[in-house]
Amino acid sequence: QVQLVESGGGLVQAGGSLRLSCAASGRTFSTYAMGWFRQAPGKEREFVAAIHWSGGSTSYADSVKGRFTISRDNAKNTVYLQMNGLKPEDTAVYYCAARRGPYTGSVGQYDYWGQGTQVTVSS
């Protein structure tokens, strides 16, 4: 069982930056692939970024590529999402998720989810 708690969301102006964190419980964090997803009002939850359990490989949605960076610190049981160049269309609740096995951009393939953190980007 893995419990995930996101933090770091907030209100920021367009062009600004935020760093989201996701703290995980459990001693097996380093064996899980981790992903960040987001859900805007009235829309389906969508993939943002994912990272291999070792941190050696990452994947990004085209909409955030070059602006967002996912990373992890297995010693701290934490995964991060650095968001730069934020746009109003990035406004959403951001969720982190964990799964055993390879990372994927598929929502349904993740076993554990956090409660989400709100990111609001004003124009």
Side-chain angles (χ1 to χ4, degrees):
Q1 188 79 8
V2 176
Q3 293 185 326
L4 305 172
V5 179
E6 302 97 335
S7 62
L11 173 64
V12 64
Q13 289 188 334
S17 297
L18 283 175
R19 189 194 197 200
L20 305 184
S21 299
C22 173
S25 65
R27 292 174 290 179
T28 59
F29 172 77
S30 62
T31 66
Y32 286 83
M34 299 296 296
W36 284 99
F37 295 79
R38 66 187 181 187
Q39 188 166 16
K43 296 188 176 181
E44 293 187 351
R45 192 168 298 188
E46 65 175 8
F47 170 70
V48 175
I51 188 166
H52 187 264
W53 64 265
S54 69
S57 182
T58 58
S59 177
Y60 296 93
D62 288 343
S63 59
V64 306
K65 203 170 293 183
R67 299 188 297 123
F68 291 10
T69 302
I70 188 172
S71 61
R72 66 189 297 161
D73 185 339
N74 287 342
K76 295 182 178 180
N77 280 16
T78 302
V79 63
Y80 305 97
L81 185 68
Q82 178 66 44
M83 305 186 294
N84 299 328
L86 283 160
K87 305 175 181 180
E89 51 263 43
D90 294 318
T91 295
V93 177
Y94 283 70
Y95 299 88
C96 69
R99 73 180 302 269
R100 290 194 180 274
Y103 63 70
T104 171
S106 174
V107 171
Q109 296 293 318
Y110 283 80
D111 303 307
Y112 303 102
W113 292 84
Q115 83 290 347
T117 186
Q118 176 70 48
V119 171
T120 303
V121 184
S122 64
S123 58

query = Is the shortest heavy-atom distance from the side chain of F68 to the side chain of L86 under 4.5 Å?
reply = yes
inquiry  = If I compare all heavy atoms of G101 with all of A33, which pair ends up nearest, and what's the gap?
reply    = O-CB, 3.4 Å
ask   = When rounded to the nearest 0.5 angstrom, what is the spacing between CG in L18 and OH in Y94?
value = 9.0 Å
request  = Please test R38 against S63 for side-chain contact (heavy atoms from CB on, under 4.5 Å), starting from the C-alpha separation and ending with a verdict.
outcome  = CA-CA 12 Å; R38 66 187 181 187; S63 59; 3.5 Å; yes
remark   = Shortest non-hydrogen pair, K76 vs T78, comes out as O-OG1, 2.8 Å
task = Flag the pair I70 / Y60 as yes when at least one side-chain heavy-atom distance between them is below 4.5 Å, and no otherwise.
result = yes
task = Apply side-chain contact (heavy atoms from CB on, under 4.5 Å) to F29 and V2, showing your working.
result = CA-CA 8 Å; F29 172 77; V2 176; 5.6 Å; no
request  = Measure the spacing between NE2 of H52 and OG1 of T58 and express it to the nearest 0.5 Å.
outcome  = 11.5 Å
inquiry  = Please determine whether residues W36 and V107 belong to a single hydrophobic cluster, defined as Ile, Leu, Val, Met, Phe, Trp and Tyr linked transitively by side-chain heavy-atom distances below 4.5 Å.
reply    = no
message = Is there a side-chain contact between Y103 and I51 in this structure, where contact means two heavy atoms from C-beta onward sitting under 4.5 Å apart?
response = no
inquiry  = Quick one, D90 with K87, criterion salt bridge (charged side-chain N to carboxylate O under 4.0 Å, His left out). Give me CA distance, side-chain angles, the key distance, then yes/no.
reply    = CA-CA 5 Å; D90 294 318; K87 305 175 181 180; over 6 Å; no
ask   = Passes side-chain contact (heavy atoms from CB on, under 4.5 Å), W53 versus R100? Steps please.
value = CA-CA 9 Å; W53 64 265; R100 290 194 180 274; over 6 Å; no
query = Can you find a heavy atom in the side chain of L4 that is under 4.5 Å from one in the side chain of Y95?
reply = no
request  = Might you confirm whether atom CD of E89 has over 12 heavy atoms from other residues, nucleotides or ligands at distances under 6.0 Å?
outcome  = yes
ask   = Looking only at heavy atoms, what is the nearest atom pair of G85 and S17, with distance?
value = N-OG, 4.4 Å
request  = Give, for atom SG of C22 and atom CD of E6, the distance between the pair rounded to the nearest 0.5 Å.
outcome  = 5.0 Å
query = So do V121 and M83 actually touch side chain to side chain, heavy atoms under 4.5 Å?
reply = no
remark   = Between the CE atom in M34 and the CG atom in L81, the distance rounded to the nearest 0.5 Å is 11.5 Å
task = State the SG-CD distance between C96 and Q115, to the nearest 0.5 angstrom.
result = 8.0 Å
task = Spell out, as yes or no, whether a donor-acceptor pair under 3.5 Å connects the side chain of S106 to the backbone of T104.
result = no
inquiry  = Heavy-atom count check: over 12 atoms from other residues, nucleotides or ligands less than 6.0 Å from K43 NZ?
reply    = no
query = Side-chain contact, heavy-atom cut-off 4.5 Å: T91 with Q118?
reply = yes
key: Closest non-hydrogen atom pair, S123 against P88   = CB-CG, 3.8 Å
ask   = Is V119 linked to W113 within one hydrophobic cluster, defined over Ile, Leu, Val, Met, Phe, Trp and Tyr using a side-chain heavy-atom separation of less than 4.5 Å?
value = no
inquiry  = Is there a path of hydrophobic side-chain contacts, each under 4.5 Å between heavy atoms, that joins V12 and L20?
reply    = yes
ask   = Which distance, rounded to the nearest 0.5 Å, do you find between the CG of N77 and the CD of Q3?
value = 12.5 Å
